[in-house]
> 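Here's a structure for you.
Letters go in sequence order (proteins before strands), and every chain restarts at 1. Every heavy atom of this structure was used, including side-chain atoms; hydrogens, water molecules and symmetry mates were not.
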Protein chains: 2
Amino acid sequence: MRPTVHDIAERAGVSLATVDRVLNDRPGVRGVTRAKVEGAIAELGYVRDVAAANLAKSRVYPLVFILPEGDNPFMRGLEDEVRRAGAHSMVERTQLSVVTVPAFDGRALAREIDGAIERAVAGIAAVAVDAPEVLAAIGRAREAGIPFVTLVSDLANSGRDHFIGVDNIAAGRTAGSLMGRFLGERPGPVAVLAGSMRVRDHGERLEGFLAAMSAMPVSRAVLPVLEGQDDPELSFGLIAKCLADVPDLAGIYSLGAGNRGLVKALAATGAARSLCVIAHEVTDETRAALEGGLVDAVLNQDAGHEVRSAIRVLRAKADGLPVIAAQERIRLEIFIKDNLPSEPGADDTPGAAGN
Amino acid sequence: MRPTVHDIAERAGVSLATVDRVLNDRPGVRGVTRAKVEGAIAELGYVRDVAAANLAKSRVYPLVFILPEGDNPFMRGLEDEVRRAGAHSMVERTQLSVVTVPAFDGRALAREIDGAIERAVAGIAAVAVDAPEVLAAIGRAREAGIPFVTLVSDLANSGRDHFIGVDNIAAGRTAGSLMGRFLGERPGPVAVLAGSMRVRDHGERLEGFLAAMSAMPVSRAVLPVLEGQDDPELSFGLIAKCLADVPDLAGIYSLGAGNRGLVKALAATGAARSLCVIAHEVTDETRAALEGGLVDAVLNQDAGHEVRSAIRVLRAKADGLPVIAAQERIRLEIFIKDNLPSEPGADDTPGAAGN
DNA sequence: ATTTTTTTGATTTACGTACATCAAAAACTC
DNA sequence: GAGTTTTTGATGTACGTAAATCAAAAAAAT
């Protein structure tokens, strides 16, 4: 059976009060006594019963998720997942809140991080922005002893506890390999639709894509990047023009969130029947396009898994417990039509409204 | 804040003892009193604090995993995952045990299920076998109020609480689609390596594969199934013979666990340079083959996720709590060389032994 | 109305831990 | 050795729930 604080007291020859002082780093214990207690803890392999401690303390873990605003479907899906998890999180003594900031606004993000620090939350998860003020804010959170997780978009050298997301270079490389395999020896250039090359994630995906394409047996041109700012109408226009201007176009890689415009352009021109199209993230649009044959493959990161992982990691850090690395590793999923899981809520009664 | 039993007592105008009797279905409560208490429970939205209850009861959840014996790498990996999870499961009041039975032995499996029922375990997870005595044993477990999860291999109409695994027809279809896409217009038949067609899972994968291949624009022969009994040497022989007998072979789909023999035959003959090879489950052999270019894609189900899911589902069922469907859905993963996650333990110091 | 049976309430103990209080013991200083 | 300071121990209360006991109250039966 598991050792308790009573066992420690007996093994070390001290009282419960002394054990409590050592376990919780309270003052009033001589070094020699502390050593005895710590020795007993180690010998017994004592692990705190966190559930019992939380009960005694009536502890609640307030966690905050800071997400970018806008109509990026993936981010909205991420927000939905947080809200869904939050609906029954009090059962696990967790209280989730969502704060949104303008996309790519480092200053606003830093401000919200500092706000969360002020409120003494138990942990922070944020989609990072490459900006010095964000770097500094993360540093302040860590100094205040608040666990910090970057979500989807990492920030190097930030001291964050954990990154939850996929490797974007590998993502691009995967897209390139698949594109090359699917196209085989069929000739013609490929186009790339990005949001903005100023975003590091997009740059990394392109880098990986180009590397993989250049390693393919068949040499193939990659056209200059189309920057659609993740805007549906702008993306639509760029793709439609490209389809018109490049009659021998062989494929399109959409590495950002402009998929609504892409899918619309493909459907409008009927071009997808002869193109290989690879996009990122399963959303309503890309799911429909995959099922309807407009898109050949979607590379996905599971927002639900990411949110659950963030919660688990922040909780583990707050409790000083180990993180199970294998469980928290986010896989880059490849979906074709045949392995696409059924839509969430597909089990619901047809008349049910939303989910 | 969360309502407690005290709030129920006050709301219903009864004592704590009565609330306890109602909550725990103990005798000695009139119907009219019970209705009052249940009304208060509903109005308050009371949800039991399972952690507090477990503390009061010193509860432990003994769970048993019944797995097939043998050197099937996937099953051994599954067993490793259970043992790994069991190493620190007491922290969560869970006690995992593994029982192995001869592969495909329905009688032995039924006997172990009954043994677990006798020991009054909190839940059972088993790789199912299609046999009437197994069906009956699962029925007995359910009658005894013991939650039952089928793992990897399901059993229809068994009354099990949950299936944790992938859809094998979809798996076969995915393999067929990928094979067709990767081969493009390149001519030549494809071969299928199975364990045994007597195993329903293998039959389903073949079914899906054939359906997808026949839907491809290019018509392509599928050779009669090679049944290697998941034996490395038998599989080696069958593949080597096939490679010698069919010089225009275009691809191989390995739907079972004979991959060690397959990979060895490919390496020995140098045939893989001109073949498209798709296999199932990431194991040491398939990982190396994928990285070395002998295999083009591996379709995988994550054993670690499956074990964690089984534990979560069994715990939730034992507690009478809801199962989060999205979290417990096992995805059919497609791995090519570029999105293959680094090997578990790859973060360890190079000198570290095993893991 | 009386007797018998059933229901209800009050109370205690328990789980493992957190945290506070204050007297007693030990250690330190002069 | 006396006085002062620090450390330690004993104890109580708390968290939310489980479970047992027995007296008192309520309901049912005669």
> Any idea which heavy atoms bring B:Ala310 and B:Val149 closest together, and the distance?
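Taking B:Ala310 first and B:Val149 second, the nearest heavy atoms are CB-CG1, 4.4 Å.
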
> When you measure from the side-chain N and O atoms of A:Arg30 to the phosphate of D:dT8, is any distance below 4.0 Å, counting only OP1 and OP2?
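For D:dT8, OP1 or OP2 has a side-chain N or O of A:Arg30 closer than 4.0 Å.
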
> Reckon A:Val50 touches a base, only the sugar-phosphate, or nothing at all at heavy-atom distances under 4.0 Å?
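No contact.
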
> Is any side-chain nitrogen or oxygen of B:Arg2 closer than 4.0 Å to OP1 or OP2 of D:dG16?
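For B:Arg2, the contact criterion (side-chain N or O under 4.0 Å from OP1 or OP2 of D:dG16) is not met.
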
> Round to a whole Å and report the spacing from NZ of A:Lys36 to P of D:dT7.
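Distance, rounded to whole Å: 15 Å.
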
> Please figure out whether A:Arg34 or B:Arg26 has its closest DNA chain D nucleotide nearer the 5' end.
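Upstream on the strand: A:Arg34.
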
> For the pair made of NE2 in A:His6 and C1' in C:dA18, what is the distance, rounded to whole Å?
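Answer to the nearest Å: 12 Å.
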
> Mind checking A:Gly13 for me? I need base, sugar-phosphate or nothing, with any heavy atom below 4.0 Å counting as a touch.
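Contact class for A:Gly13: sugar-phosphate only.
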
> For the side chain of B:Thr4, counting heavy atoms from C-beta on, which of D:dG9, D:dT17, C:dC19 is nearest?
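Ranking D:dG9, D:dT17, C:dC19 by closest atom to the B:Thr4 side chain puts D:dT17 first.
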
> Is the shortest side-chain N/O distance from B:Arg21 to OP1 or OP2 of C:dT7 below 4.0 Å?
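Answer no for this pair, as no side-chain N or O of B:Arg21 is under 4.0 Å from OP1 or OP2.
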
> What's the CG-C1' distance between A:Leu23 and C:dG16, to the nearest Å?
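The answer, rounded to whole Å, is 12 Å.
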
> Between D:dA19 atom C1' and B:Asn54 atom CG, what is the distance in whole Å?
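In whole Å, D:dA19 C1' lies 15 Å from B:Asn54 CG.
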
> Measuring from the side chain of A:Ala52 (C-beta onward, heavy atoms only), which nucleotide among C:dG9, D:dT17, C:dG16 has the closest atom?
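Nearest listed nucleotide: C:dG16.
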
> Taking 4.0 angstrom as the limit, do B:Asp25 and B:Arg34 come out as a salt bridge?
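Judged by the 4.0 Å cut-off on N to carboxylate O distance, B:Asp25 and B:Arg34 do form a salt bridge.
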
> Find which nucleotide of DNA chain C each of B:Val14 and B:Leu55 is nearest to by heavy atoms, and output the residue with the more 5' nucleotide.
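This one resolves to B:Val14.
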
> Need one value for B:Ala17: base, sugar-phosphate or nothing, where a base atom within 4.0 Å counts as base even if backbone is also close, heavy atoms only.
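Answer is base: heavy atoms of B:Ala17 come under 4.0 Å of a base.
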
> Do A:Arg142 and A:Asp161 sit within salt-bridge range, that is, some charged N less than 4.0 Å from a carboxylate O?
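Salt bridge: yes.
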
> Please report, rounded to the nearest Å, how far the C1' atom of D:dG9 is from the CD1 atom of A:Ile8.
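One finds 17 Å between C1' of D:dG9 and CD1 of A:Ile8, rounded.
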
> Please classify the nucleic acid contact of A:Asn24 as base, sugar-phosphate, or nothing, using heavy-atom distances under 4.0 Å.
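A:Asn24: backbone/sugar contact only, no base atoms under 4.0 Å.
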
> Which nucleotide in the list D:dT17, C:dC19, C:dT17 gets nearest to the side chain of A:Asp49?
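Nearest to the side chain of A:Asp49 among the choices is C:dT17.
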
> Between A:Asp302 and B:Arg331, is there a salt bridge with N-O shorter than 4.0 Å?
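Yes, charged N to carboxylate O under 4.0 Å.
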
> Separation of B:Asp319 atom CG from D:dT17 atom C1', in whole Å?
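It works out to 13 Å between those atoms.
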
> Give a yes/no on whether any side-chain N or O of A:Thr18 is located under 4.0 angstrom from OP1 or OP2 of D:dT8.
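For A:Thr18, the contact criterion (side-chain N or O under 4.0 Å from OP1 or OP2 of D:dT8) is not met.
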
> Is any NZ, NE, NH1 or NH2 atom of the basic residue among A:Arg76 and A:Glu79 found under 4.0 Å from an Asp or Glu carboxylate oxygen of the other?
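A salt bridge links A:Arg76 with A:Glu79.
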
> Take the protein atom CD of A:Glu10 and the nucleotide atom P of D:dG9, then report the distance between them rounded to whole Å.
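That distance rounds to 14 Å.
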
> Can you tell me the distance, in whole Å, between the CG atom of A:Leu16 and the P atom of D:dT11?
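The answer, rounded to whole Å, is 11 Å.
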
> Any Lys/Arg nitrogen of A:Arg93 or B:Asp49 sitting under 4.0 Å from an Asp/Glu carboxylate oxygen of the other?
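Here A:Arg93 pairs with B:Asp49 in a salt bridge, since their nearest N and O are under 4.0 Å apart.
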
> Looking only at the side chain of A:Ser58 (C-beta and beyond, no hydrogens), which of the listed nucleotides D:dG9, D:dC15, D:dT17 gets closest?
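The answer is D:dC15, which lies nearest to the side chain.
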
> Would you say B:Arg48 places a side-chain N or O within less than 4.0 Å of OP1 or OP2 belonging to D:dT17?
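For D:dT17, neither OP1 nor OP2 has a side-chain N or O of B:Arg48 closer than 4.0 Å.
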
